[in-house]
A.B. asks: 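Take this structure, written in structure tokens, and hold onto it; I'll ask about it next.
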Amino acid sequence: DENRHNPYLLDEAIHYRAVFTVELPPSCRDEVMLPPTFDWQDPVNNGRVSYQLERRENGRVQITVSADLPPGFYPADKFRDLVYIHERLARPDCRLLLLQQTAEKANELSPAAK
């Protein structure tokens with residue numbers, strides 16, 4: 001429930017880091033949709049959650065998700081901030097890479113081209 005009346009205790013620190021590297025096939029170097037990047041600064045306990053995307057050479061895309069939240073109390077009126085970042089990370093666009101084949105490869109695979 002996001003409507004709290006009492007403070008919320010985060011009794012243990014959260015330190016999380018995950019790095020995902022996706023190598024795009026040569027036929028799909030045209031990205032249509034990649035996850036959005038964002039940084040969230042904890043307004044209460046000076047923590048941070050980050051979702052970064054970096055295009056690398058050779059058709060690689062690297063996604064880095066990190067969270068550093070210290071233990072502490074969140075006043076009831078600030079609990080919504082934690083709910084927001086949880087919902088933000090759970091959105092489908094944070095885990096979706098939509099690719100399109102290059103025109104050259106699409107023509108090669110098309111039945112009409114044969």
Side-chain angles (χ1 to χ4, degrees):
D1 183 13
E2 61 188 69
N3 298 314
R4 294 187 65 89
H5 301 289
N6 296 311
Y8 175 77
L9 172 63
L10 183 62
D11 58 351
E12 292 185 23
I14 296 174
H15 300 290
Y16 175 81
R17 181 175 168 88
V19 178
F20 306 94
T21 302
V22 179
E23 186 170 342
L24 306 179
S27 64
C28 293
R29 295 294 166 100
D30 298 332
E31 303 102 2
V32 175
M33 188 169 114
L34 296 174
T37 62
F38 65 88
D39 281 302
W40 177 78
Q41 188 71 38
D42 174 359
V44 177
N45 294 319
N46 205 27
R48 182 172 176 243
V49 175
S50 165
Y51 193 102
Q52 300 299 317
L53 183 135
E54 182 181 346
R55 287 179 177 89
R56 299 253 165 129
E57 56 188 54
N58 298 328
R60 289 190 174 106
V61 174
Q62 182 172 303
I63 300 166
T64 304
V65 182
S66 61
D68 289 299
L69 298 171
F73 282 98
Y74 286 83
D77 65 333
K78 297 293 183 185
F79 182 72
R80 180 72 188 120
D81 294 331
L82 292 176
V83 172
Y84 163 78
I85 196 59
H86 173 76
E87 289 173 348
R88 182 71 182 90
L89 289 169
R91 286 176 33 178
D93 66 342
C94 280
R95 57 184 186 269
L96 177 68
L97 289 131
L98 184 59
L99 308 173
Q100 181 176 0
Q101 286 184 326
T102 58
E104 177 181 294
K105 189 66 174 179
N107 288 337
E108 185 180 301
L109 297 175
S110 170
K114 294 181 179 183

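The figures that follow rest on heavy atoms only: side chains count, while hydrogens, waters and symmetry mates do not.
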A.B. asks: Looking at Arg80 and Glu87, is any side-chain nitrogen of the basic one under 4.0 Å from a carboxylate oxygen of the acidic one?
C.D. replies: yes

A.B. asks: Between the side chain of Gln62 and the main-chain N/O of Arg55, is any donor-acceptor distance below 3.5 Å?
C.D. replies: no

A.B. asks: Do Ile85 and Ile14 sit in one hydrophobic cluster, given that two such residues count as connected whenever their side-chain heavy atoms are within less than 4.5 Å of each other, even indirectly?
C.D. replies: yes

A.B. asks: Taking all non-hydrogen atoms of both residues, which atom of Asn6 and which atom of Ala76 are closest, and how far apart?
C.D. replies: O-CB, 3.5 Å

A.B. asks: Taking all non-hydrogen atoms of both residues, which atom of Pro75 and which atom of Val44 are closest, and how far apart?
C.D. replies: CD-CG1, 3.9 Å

A.B. asks: Nearest 0.5 angstrom please: Leu82 CG to Asp42 CG, how far?
C.D. replies: 6.5 Å

A.B. asks: Under the 4.5 Å side-chain heavy-atom rule for ILVMFWY, direct or indirect, which residues accompany Leu9?
C.D. replies: Phe73

A.B. asks: Evaluate side chain to side chain contact (heavy atoms under 4.5 Å, CB included) for Glu54 paired with Thr64, printing each intermediate quantity in order.
C.D. replies: CA-CA 8 Å; Glu54 182 181 346; Thr64 304; over 6 Å; no

A.B. asks: Determine the minimum heavy-atom distance between Ala67 and Val49, stating which atoms define it.
C.D. replies: CB-CG2, 4.1 Å

A.B. asks: Do you know which of Leu97, Val61, Val65 makes side chain to side chain contact (heavy atoms under 4.5 Å, CB included) with Pro35?
C.D. replies: Leu97

A.B. asks: Should Val19 and Val22 be regarded as members of a common hydrophobic cluster, given that ILVMFWY residues are connected when their side-chain heavy atoms come within less than 4.5 Å of each other, either directly or indirectly?
C.D. replies: no

A.B. asks: Begin with the C-alpha distance, continue with both residues' side-chain angles, and end with the deciding distance and a verdict on side chain to side chain contact (heavy atoms under 4.5 Å, CB included) for Gln52 and Asp39.
C.D. replies: CA-CA 8 Å; Gln52 300 299 317; Asp39 281 302; 3.3 Å; yes

A.B. asks: Nearest 0.5 Å, please: how far is NZ in Lys78 from CG in Asn45?
C.D. replies: 11.5 Å

A.B. asks: Say you draw a straight line from CE of Met33 to CG of Leu99; how long is it, rounded to the nearest 0.5 Å?
C.D. replies: 10.5 Å

A.B. asks: Can you list the steps and then say if His15 with Leu69 is a side chain to side chain contact (heavy atoms under 4.5 Å, CB included)?
C.D. replies: CA-CA 7 Å; His15 300 290; Leu69 298 171; over 6 Å; no

A.B. asks: With side chain to side chain contact (heavy atoms under 4.5 Å, CB included) as the criterion, how do Asp81 and Tyr74 come out once you've worked through the C-alpha distance, each side chain's angles and the decisive distance to 0.1 Å?
C.D. replies: CA-CA 9 Å; Asp81 294 331; Tyr74 286 83; over 6 Å; no

A.B. asks: Applying salt bridge (charged side-chain N to carboxylate O under 4.0 Å, His left out), can you list everything that pairs with Arg95, at least two apart in sequence or on another chain?
C.D. replies: none

A.B. asks: As an exercise, state the distance from OH of Tyr16 to CG of Leu89, rounded to the nearest 0.5 Å.
C.D. replies: 9.5 Å

A.B. asks: Determine whether more than 12 heavy atoms belonging to other residues, nucleotides or ligands lie under 6.0 Å from atom CD of Glu12.
C.D. replies: no

A.B. asks: Which class fits the ring pair Tyr51 and Phe38: parallel under 30°, tilted 30 to 60°, perpendicular over 60°?
C.D. replies: parallel

